[in-house]
Amino acid sequence: MTVDAEHVPFEDRPGGVLAAIEAILMVADEPVSVVRLAAALGIPVDRAADHLWRLESEYKAAERRPGFELREAGGGWRIYSAPDFADVVGQFVTEGQSARLSQAALETLAVIAYRQPVTRGQVSAVRGVNVDGVVRTLTMRGLIVEDGSDESSGALLYRTTGYFMERMGLSSLDELPALAPHLPEIDALELPDDPGRGQLTGRWAQGQTAEAAEQPAVAQLED
């Protein structure tokens, strides 16, 4: 009889609770607090803290040092690339910045530009897909940046950068072309806890000219 993995206790899975912690930290884009980690695993907070310290010690004492390390910072724990390989990582990121943006990245950037500041969850609601990876790419490319957190949910907010404005040839976000002709369903979307929706409606519906609306400026970022 086959048993679904979700019904098997963490302790009985390969690697146990330590592996479960690693799995969570591997997909986290920001430090995870001990309290949040403990809640996700259903274990006491002090036990979660002990596991984190154990993992940190194991990585440091490993015979073959990994290219990453577990650190406590920013009110939580997160896996970071090892400082010894900062040059390699930097080169990799720089090379990636020269590549053209994918269609998914352009669409995500457009949503952020028109609805900023906005959370990843709100962008996902508009696009209908998970955007975590794309948001990381846009952040590394210097096109968006974190801008505080949402008061109600605590989720990180994102906005476009000065570099984005420079690449777009804009002096103000009000110069963005209208997207209403291209996204007729946008007004039907109901995004929770979105105080900026009202003030940004104009950018969805109004643009400088019909010609500008036909050629969204976001496409310039592909050049």
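Note that the structure is predicted; figures quoted are calculated from it, not measured.
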Report task. Kindly write out the residues that satisfy side chain to side chain donor-acceptor pair (under 3.5 Å) with T119, not counting sequence neighbours, or none if the list is empty. Result -> Q122
Requested in this report: Using the test side chain to side chain donor-acceptor pair (under 3.5 Å), find all partners of R78 that sit at least two apart in sequence or belong to another chain.
Outcome: none
How many angstroms lie between [atom1] in [X] and [atom2] in [Y], if you round to the nearest 0.5 Å?
| X | Y | atom1 | atom2 | value |
| --- | --- | --- | --- | --- |
| L157 | I112 | CG | CD1 | 11.0 Å |
| T161 | R167 | OG1 | CZ | 10.5 Å |
| N130 | R120 | CG | CZ | 8.5 Å |

For [X] and [Y], which heavy atoms make the closest approach, and how far apart are they?
| X | Y | answer |
| --- | --- | --- |
| A82 | P66 | CB-O, 4.3 Å |
| L41 | A20 | CD2-CB, 3.7 Å |
| E22 | I79 | O-CD1, 4.5 Å |
| A48 | A38 | CB-CB, 3.9 Å |

[X] side chain to [Y] backbone, donor-acceptor under 3.5 Å:
| X | Y | value |
| --- | --- | --- |
| E146 | Y158 | no |
| Q116 | A113 | yes |
| S124 | V129 | yes |

Is any side-chain heavy atom of [X] closer than 4.5 Å to a side-chain heavy atom of [Y]?
| X | Y | answer |
| --- | --- | --- |
| I43 | L37 | no |
| L156 | D150 | no |
| V134 | L109 | no |
| Y163 | R141 | no |

Report summary line: Residue set satisfying side-chain contact (heavy atoms from CB on, under 4.5 Å) with S81, at least two apart, ordered chain then number -> V89
Query raised in the report: Just one of V123, L138, V111, T137 clears the side chain to side chain contact (heavy atoms under 4.5 Å, CB included) bar with V131, so which one?
Result: V123
Query raised in the report: Which residue pairs satisfy the salt bridge (Lys or Arg N to Asp or Glu O under 4.0 Å) criterion with at least one member in residues 40-56, sequence neighbours excluded?
Result: E11-R47, R54-E58, E56-K60
Report task. With sequence neighbours excluded, tell me which residues meet ring pair (Phe, Tyr, Trp, His ring centres under 6.0 Å) with Y80. Result -> none
Query - Partners passing ring pair (Phe, Tyr, Trp, His ring centres under 6.0 Å) against Y59 (at least two apart in sequence or in another chain) - result: F68
Requested in this report: Could you please spell out the steps behind the side chain to side chain contact (heavy atoms under 4.5 Å, CB included) verdict for L143 and L101?
Outcome: CA-CA 11 Å; L143 295 169; L101 288 176; 3.8 Å; yes
Hydrophobic cluster membership, [X] vs [Y], 4.5 Å side-chain cutoff:
| X | Y | result |
| --- | --- | --- |
| V145 | M140 | no |
| M165 | I144 | yes |
| M26 | V32 | yes |

**Report entry** Atom CZ of R36: over 12 foreign heavy atoms under 6.0 Å
**Finding:** no
